[in-house]
Protein chains: 2
Amino acid sequence: MKESSINHENTDFQSAKKVLSDFLLMNGFRKTIERFIILEEIYSTDEHFNVETLYSLLKKKKYRISRATVYNTIQVLMKCGLIIKQQFGKTTALFEKKLNTLHHDHLICTECGLILEFSDQHLEQIMRKVGELMDFEIHKYSLNLFGYCKNCSSN
Amino acid sequence: MKESSINHENTDFQSAKKVLSDFLLMNGFRKTIERFIILEEIYSTDEHFNVETLYSLLKKKKYRISRATVYNTIQVLMKCGLIIKQQFGKTTALFEKKLNTLHHDHLICTECGLILEFSDQHLEQIMRKVGELMDFEIHKYSLNLFGYCKNCSSN
DNA sequence: CTAGGTGCAAATGCTTTGCATGCCC
DNA sequence: GGGCATGCAAAGCATTTGCACCTAG
């Protein structure tokens, strides 16, 4: 079990690396080490992260990469669809890696900050219908549910 | 038609004023003029607004109210349910007045910034179901659809 | 009177920008 | 080698905080 999970993460990173590499080439951007270090760091965890935690993680690993580069690289990774920005109502933006998975939404515990993910097939349909009715060409949607998680509601 | 719309807005403001007044009394907060001036300003329009536009509107009307007070008052108005905060992915938060209407969601045009509102009865059901399945006590949710509006998609 | 509210300005936190240096193509 | 990307520091915004003064209760 453990090994297969490791392999899976590794495969995810390998394919992400290819996506980034191709994207940079096709758009005439440079393949700098920094961009790949940051990508690897992001793909080595499943958590939602923000710029600051990512930056200090890199610091801790003795990489000499500036905040500006982290921000820059995050823009690039968003453009090639490898990560997604999530604005959960806080001022600080959170990001998550985007695998070849279905669209999913979030449950956020306003008490302890826990973030769970879920997906519901009915939602896609509803979005499409709303788009037609309102004359909108919908490209993406974000749905966040706020409340108390199991632990926090029992207290 | 025009008169009835004016009356309606006025009624909304009158009842909002009462809600605020009661809320302040019940919680031992002071009924300062600033709080009511800001409430009136908010209720005199139907648009989504941010702190800066609200502040400069007050400036233009020669009120001597500071940004700090606007921020403070907005917190109060949120606590008593008279306005709702909307985070549409930008860093700047937008707010809207909350009437006794049903929950509604937003369509945001990423091209021109247009914001439309809609509501769908099916969504409420889905939210409830998800809450049960995931063991979450849901208090609110926000659903935003992003894309191009009629005008922008035709260009 | 007196605590909470206000105005003002300074501080904070997150993000972007300007500029000199470095390194990919 | 030429120019884009980087590191660093400074600037930019939105929001919060500290403090002296003011005012509602």
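Just so it is clear, the values below take in all heavy atoms, side chains as well, and ignore hydrogens, waters and symmetry mates. For clarity, every value in this text was computed on a predicted model and none was experimentally measured. Proteins come first, then strands; the chains are lettered A, B, ... in the order of their sequence lines, and each starts at number 1.
- End-to-end axis angle for the helix from C:dC1-D:dG25 to C:dC25-D:dG1, using five pairs per end and rounding to 10°, comes out at 30°.
- Mapping B:Leu25 and A:Ile65 onto DNA chain D by nearest heavy atom places A:Ile65 at the nucleotide closer to the 5' end.
- A salt bridge links A:Lys129 to B:Asp120: one of the charged nitrogens lies within less than 4.0 Å of a carboxylate oxygen.
- Ring orientation note: the planes of A:Phe13 and A:Tyr43 are tilted relative to one another, at an angle of 30° to 60°.
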CA sep, side-chain torsions, deciding dist, call: A:Asn72, A:Thr69, side-chain hydrogen bond (donor to acceptor under 3.5 Å, both in side chains): CA-CA 5 Å; A:Asn72 170 19; A:Thr69 300; 5.7 Å; no

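- Listed for the B:Arg67 side chain is no donor-acceptor partner under 3.5 Å among the backbone atoms of B:Val51.
- Atom CD1 of B:Ile37 and atom P of D:dT23 are 13 Å apart (whole Å).
- Between A:Asn72 and D:dA5 there is no side-chain polar atom (N or O) within less than 4.0 angstrom of OP1 or OP2.
- Distance B:Asn27 CG to C:dG4 C1': 14 Å, rounded to the nearest Å.
- Under the 4.5 Å side-chain contact rule for hydrophobic residues, A:Leu82 and A:Phe36 share a cluster.
- Atom CD1 of B:Ile74 and atom P of C:dT6 are 13 Å apart (whole Å).
- A residue-by-residue look at B:Ser66 and B:Gly28 shows that B:Gly28 has its nearest nucleotide of DNA chain C further toward the 5' end.
- Under the 30°/60° scheme for interplanar angles, the aromatic rings of A:Phe29 and A:Phe23 are found to be tilted.
- Note: CZ (A:Phe29) to P (D:dT6) measures 11 Å, nearest angstrom.
- With 3.5 Å as the limit, one finds a donor-acceptor pair spanning the side chains of B:His103 and B:Asp105.
- B:His104 and B:Glu96 form a side-chain donor-acceptor contact under 3.5 Å, judged by distance and modelled atom types alone.
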Worked verdict on B:Leu133 versus A:Phe118 for side chain to side chain contact (heavy atoms under 4.5 Å, CB included): CA-CA 10 Å; B:Leu133 283 170; A:Phe118 73 94; over 6 Å; no

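- As rounded to whole Å, 11 Å separates atom C1' of D:dA9 from atom OH of A:Tyr55.
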I'd like a table of atom pairs between the protein and nucleotides 20-22 of chain C - only N or O on both sides, under 3.5 Å - with the distance next to each one.
none

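- Note: B:His139 and A:Tyr148 have perpendicular aromatic rings, judged against thresholds of 30 and 60 degrees for the angle between ring planes.
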Within the sub-3.5 Å range, which N or O atoms of nucleotides 14-19 of chain D have a protein N or O partner, and how far apart are they?
{"unit_1": "D:dT15", "atom_1": "OP1", "unit_2": "B:Ala93", "atom_2": "N", "d": "3.4"}
{"unit_1": "D:dT15", "atom_1": "OP2", "unit_2": "B:Tyr71", "atom_2": "OH", "d": "2.8"}
{"unit_1": "D:dT15", "atom_1": "O5'", "unit_2": "B:Tyr71", "atom_2": "OH", "d": "3.2"}

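- Each of A:Thr32 and B:Glu34 lies near DNA chain C, and the nucleotide nearest B:Glu34 is the one positioned closer to the 5' end.
- When the P atom of C:dC23 is taken as reference, atom CZ of A:Phe36 falls 17 Å away, rounded to whole Å.
- In this structure, the side chains of B:Leu114 and B:Leu107 stay at 4.5 Å or more apart for every pair of heavy atoms.
- In this structure a side-chain-to-backbone donor-acceptor pair under 3.5 Å is missing from B:Thr73 to B:Val70.
- Distance CD1 (A:Ile33) to P (C:dC23): 8 Å, rounded to an integer number of Å.
- Atom pair A:Leu24:CG and D:dT6:C1' shows a separation of 15 Å (rounding to whole Å applied).
- Residue B:Arg35 has a polar side-chain atom (N or O) positioned under 4.0 Å from OP1 or OP2 of C:dG5.
- Taking side-chain N and O atoms only, B:Arg64 has no distance below 4.0 Å to OP1 or OP2 of C:dT6.
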